[in-house]
Amino acid sequence: MKLISSISITAVLAAFALCGAKAATPAYLDDTQPLETRVEDALQRMNTAEKIALIHAQSKFGSPGVKRLGIPEVWTDDGPHGVRPEVLWDEWEQAGWTNDSCVAFPALTCLAATWNPDMSRLYGVVVGEEARYRNKSMLLGPGVNIYRTPLNGRNFEYMGEDPFLASVMVVPYIQGLQSNGVSACVKHYCLNNQEINRHTTNVLIDDRTLYEIYLPAFKAAVKGGAWAIMGAYNLYKDQHLCHNSITLNDILKGEWGFDGVVVSDWGGTHDTHEAVTNGLDMEFGSWTNGLTNGQSNAYDNYYLAQPYLDKIAAGELTTQELDEKARRVLRLIMRTTMDRHRPWGSMLSPEHYAAARQIGGQGIVLLKNDKSVLPIKADAKKILVVGENALKMMTVGGGSSSLKVQQEISPFDGLKAQAPAGCVVEFARGYVGDTGGEYNGVTTGQDLSESRSAKELIAEATQKAKDADVVIFVGGLNKAAGQDCEDADRESLSLPYDQDRVIAALADANPNLVVVNVSGNAVAMPWVDKVPAIVQAWFLGSEAGNAIADVLYGAVNPSGKLPMTFPRSLADVGAHCFGEKAYPGIERNDGSNILDEEYSEGIYVGYRWADRKKTKPLFPFGHGLSYTTFAYGKITPSKSQISGDDTITFTVPVTNTGEREGDEVVELYITDVKSTLDRPVKELKGFKKVHLLPGETAQVEITVGRDELSYFDPEAHAWVAEPGEFKAHAAASAGDIRSTCSFKLLE
């Protein structure tokens, strides 16, 4: 393995000083100079070969910088849930370090479920501290692809189905992360909404749907200051999205004014000329000219390496695009590794574990709680925990977000540790799922092998359940291929491993059954009416067991809200209502292996589709219960009409009418009563999370303006706020509107 080289900027400055006592510090090394002055000074000192080297990888996760000038390397690292372990220079195998474990933070579905921008900022800060401590320049995350179908294997890495929620939640993460001098790399831009055929799917989508649903979170990230963005694997208008003239040149860099770096996904680059002219800035992870996956010293053969130089020498391409790419990479380096004022970071600290636990506790969603089974009573004497997911480590696997953790508290261990005094917590396997525990050389060390039959496991679980005070089934999905895992989609909405049968048997054996679903996706629940308490727990990282126990025992009052709709069946999902052309796509008959996939449902994704079709979901978008209750008063607008750039503030009194303190998320939806273009019944345009003591009332204020009232007019290629009557709804979920008022938008 090559050693990571390190260049001392101080040494470079000293070398310049040796040239004469009066030698001036080069502008690019002088951090008192404006950023663009430094960038241009460095650029004019570089030769063409150095510029080419700057824009492509020299190892699996690094690019070389410019050694002659003391410009350091760029070191990237997979995120966004934690800092991945080191791999060998030329191979995917582990480097064998003993000091590269991390804290695993909850998956981004959980972060979105907090509906709390403060938690997003905290998340960015702590994961950034870990990345900075490991001297990373860039963390590959966060991800904000829209949840179009619950079958997408990578949904757990994203922030749900609603573009407004994702837009609000992604910005504090980015800003918190970059406060450590570590760049975010927002991914996967764009239309990367499934894992099946991800390299060969050409998305057919109208401009309005693109701009209203699939671009807003990326735009918010750019406007929020993201320093890098990663292209997606799939195609749009027959161009791969890592070098797509429309999405990268026209929209990202043109309309949005992005001044950062466009990074290819690993293996996402396919053509030198397109990469040069269509907006790609840094190429990673390619295997070109027939070189195989992981072959050593392939880097000079990358599309933006020697082939680019050859085209310049042949006069086929100029250096104009090269200079622009080099500027962007230099800008990135000066914002990160060459920022001598960036903090040092920290790793595996108690504060990081506390943050992971807090975020997990705020993101867990109480879906159902009939008979007040939860929180578990302090006088419980026997608790039975059933299910493989109560034991299985979830931080290893799932694709590029797989982590090597210092510790991971299992749900079973967390429940045992916090059990009431004198309470016995027992375990029964219940079912056998995925007994593996390895990804890229990281192993869990768990032995989950099982010799008993499914019949024997159910019999054991139901027999133990009969005399338990409470039964807690911990199941759901895991990070095995075909579940919540990169490079594959789920085959159905159903739970795998015949878990439905186990849950039904437990419900018959004990009426006090709690189902804890661990997943990043919605699942079917044919037993929903038989189970009194259901909890959505997500993939919670290192503190999973503690966060779950906090909620089940009541140390934390649940306040999470679903960032996606839980449908009753795939027939209630727009993407699955138009046949194969809409999912997973239809292969062309021209031998290209390209599949065309039409987003036939248009803007009607998630709750928008449910509202349009008047279907009742299993659990609606924004749903989440508490151990206390909240009463909403009448929503009141600050004015009856607005015009120009005016804003309008809606005030909603919310009272904690229960006996426990707790948090409530007030959701604001807007309806355009009459529009030239068809619009959804309602759309989320504001929310606020508030903490209330028993009996306390808060006047919750949410402000919106013309942007929140606008739709995208594809003919004008502009956002339009059409004058007329609107309605504002204060709601506890997309299916639970508490109060409505009207207002008008004038010319």
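Side chains included, hydrogens not; waters and symmetry mates left out as well; all remaining heavy atoms used. None of these values were measured; they are calculated from a predicted model.
Taking 4.5 Å as the limit, every side-chain heavy atom of Thr277 sits out of range of all side-chain heavy atoms of Ser245. Side chains of Val700 and Val690 form a contact here, defined as non-hydrogen atoms less than 4.5 Å apart. Taking 4.5 Å as the limit, every side-chain heavy atom of Leu493 sits out of range of all side-chain heavy atoms of Val523. Between Leu280 and Ser264 there is a side-chain heavy-atom pair separated by less than 4.5 Å. With a 4.5 Å cut-off on side-chain heavy atoms, Arg612 and Pro680 do not count as touching. Residues Phe687 and Leu668 have side chains not in contact (no heavy-atom distance under 4.5 Å, counting atoms from C-beta outward). In this structure, the side chains of Pro80 and Leu140 stay at 4.5 Å or more apart for every pair of heavy atoms. Looking only at side-chain heavy atoms (C-beta outward), Leu367 and Leu618 stay at 4.5 Å or farther from each other.
The backbone N or O of Val528 lies less than 3.5 Å from a partner atom in the side chain of Lys368, making a donor-acceptor pair. The backbone N or O of Ser742 sits nowhere less than 3.5 Å from a side-chain atom of Glu725 that would complete a donor-acceptor pair. No donor-acceptor pair under 3.5 Å is formed between the side chain of Glu597 and the backbone N or O of Asn202. When atom types are taken as modelled, the side chain of Asn197 and the backbone of Thr200 share no donor-acceptor pair closer than 3.5 angstrom.
The existence of a salt bridge linking Asp672 and Arg679 is confirmed by a sub-4.0 Å separation between a basic side-chain nitrogen and an acidic carboxylate oxygen.
Side chains of Glu486 and Ser400: a donor on one and an acceptor on the other come within 3.5 Å. Side-chain polar atoms of Tyr583 and Asp489 form a donor-acceptor pair below 3.5 angstrom. Inspection of the Gln483 and Arg490 side chains reveals no N or O donor paired with an N or O acceptor under 3.5 Å. One side chain, Gln536 or Ser519, offers a donor N or O that lies under 3.5 Å from an acceptor on the other. Donor-acceptor pairing under 3.5 Å is recorded for the side chains of Glu255 and His717. In summary, the side chains of Tyr669 and Glu667 do present a donor paired with an acceptor at a separation below 3.5 Å, with no hydrogens or angles considered. Inspection of the Thr149 and His576 side chains reveals an N or O donor paired with an N or O acceptor under 3.5 Å. Of the N and O atoms on the side chains of Lys561 and Ser733, not one donor lies less than 3.5 Å from an acceptor on the other residue. In this model, no donor atom of one side chain and acceptor atom of the other lie less than 3.5 Å apart for Asn145 and Asn192. With 3.5 Å as the limit, one finds a donor-acceptor pair spanning the side chains of Thr671 and His729. Asn193 and Tyr158 share no donor-acceptor pair across their side chains, judged by distance under 3.5 Å alone. No side-chain N or O of Asn152 forms a donor-acceptor pair with one of Gln194 less than 3.5 Å apart.
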After noting the C-alpha distance and the side-chain angles of Asp484 and Asn521, does the key distance pass the side chain to side chain donor-acceptor pair (under 3.5 Å) rule? CA-CA 7 Å; Asp484 283 320; Asn521 266 305; 2.8 Å; yes

Just do the side chain to side chain contact (heavy atoms under 4.5 Å, CB included) check on Val186 and Val144 with the steps written out, would you? CA-CA 7 Å; Val186 185; Val144 288; 3.9 Å; yes

Show the numbers, then the answer: is there a salt bridge (Lys or Arg N to Asp or Glu O under 4.0 Å) between Asp596 and Lys581? CA-CA 7 Å; Asp596 287 315; Lys581 72 173 184 178; over 6 Å; no

For Val666 and Phe650, run side chain to side chain contact (heavy atoms under 4.5 Å, CB included): C-alpha distance rounded to whole Å, both residues' side-chain angles, the deciding distance at 0.1 Å, then the answer. CA-CA 11 Å; Val666 179; Phe650 300 95; over 6 Å; no

For Gln362 and Asp663, what are the C-alpha separation, side-chain angles and deciding distance, and is it a side chain to side chain contact (heavy atoms under 4.5 Å, CB included)? CA-CA 9 Å; Gln362 282 215 18; Asp663 294 347; 4.3 Å; yes

Tell me, with the steps shown, if Asp78 and Ser401 meet side chain to side chain contact (heavy atoms under 4.5 Å, CB included). CA-CA 6 Å; Asp78 267 320; Ser401 64; over 6 Å; no

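In this structure, Pro567 and Val573 approach most closely via the heavy-atom pair CG-CG2, 3.7 Å. Looking at every heavy atom in both residues, Arg208 comes nearest to Asp678 through NH1-O, 2.7 Å. Scanning both residues, Val182 and Gly128, for their nearest heavy atoms gives CG2-O, 4.0 Å. Between Pro150 and Leu570, the shortest heavy-atom contact is CG-CD2, 3.9 Å. Taking both residues in full, the closest heavy atoms of Lys325 and Val276 are given as NZ-O, 3.0 Å, listed atom of the first, atom of the second, then distance. Of all heavy-atom pairs between Tyr236 and Asn244, the closest is O-ND2, 2.9 Å.
Environment of NZ in Lys689: crowded, with over 12 heavy atoms of neighbouring residues, nucleotides or ligands closer than 6.0 Å. Remark: Lys634 NZ is loosely packed, at most 12 non-hydrogen atoms of other residues, nucleotides or ligands lying under 6.0 Å away. No more than 12 heavy-atom neighbours from other residues, nucleotides or ligands sit within 6.0 angstrom of CD on Glu580.
Considering Arg335, Arg328, Arg327, Lys253 in turn, Arg335 is the only one that fulfils the salt bridge (Lys or Arg N to Asp or Glu O under 4.0 Å) rule with Asp259.
Here Gln175 contributes atom CD and Arg121 contributes atom CZ; the two are 5.0 Å apart, rounded to the nearest 0.5 Å. Atom CD1 of Ile603 is separated from atom OH of Tyr211 by 16.0 Å, given to the nearest 0.5 angstrom. Atom CD in Glu601 sits 12.0 Å away from atom CZ in Arg608 (nearest 0.5 Å). Note: His81 NE2 to Thr109 OG1 = 6.5 Å, rounded to the nearest 0.5 Å. Taken to the nearest 0.5 Å, the OG1 atom of Thr269 stands 11.5 Å off from the CE atom of Met282. In this structure, CG in Asp281 is found 10.0 Å from CG in Leu332, a value given to the nearest 0.5 Å.
Among residues at least two apart or in separate chains, salt bridge (charged side-chain N to carboxylate O under 4.0 Å, His left out) pairs with a member in residues 224-247 are Asp238-Arg588. Within the structure, salt bridge (charged side-chain N to carboxylate O under 4.0 Å, His left out) pairs that include any residue of residues 700-722 do not occur (at least two apart or interchain).
The aromatic rings of Phe726 and Phe743 lie parallel to each other, with less than 30° between the two planes, well short of the 60° mark. Phe621 and Tyr607 have parallel rings, their planes meeting at less than 30° on a 0 to 90° scale where 60° marks the start of perpendicular. Ring planes of Phe578 and Trp609: perpendicular class, angle over 60° (limits at 30 and 60°).
Remark: Arg148 is positioned above the aromatic ring of Tyr599, its terminal NZ or CZ atom under 6.0 angstrom from the ring centre and at most 45 degrees off the axis.
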For residues 225-234, which side-chain N or O atoms pair as donor and acceptor with protein atoms under 3.5 Å away, sequence neighbours left out?
unit_1: Tyr233; atom_1: OH; unit_2: Asp265; atom_2: OD1; d: 3.4
unit_1: Tyr233; atom_1: OH; unit_2: Trp266; atom_2: O; d: 2.6
unit_1: Asn234; atom_1: ND2; unit_2: Leu191; atom_2: O; d: 2.8

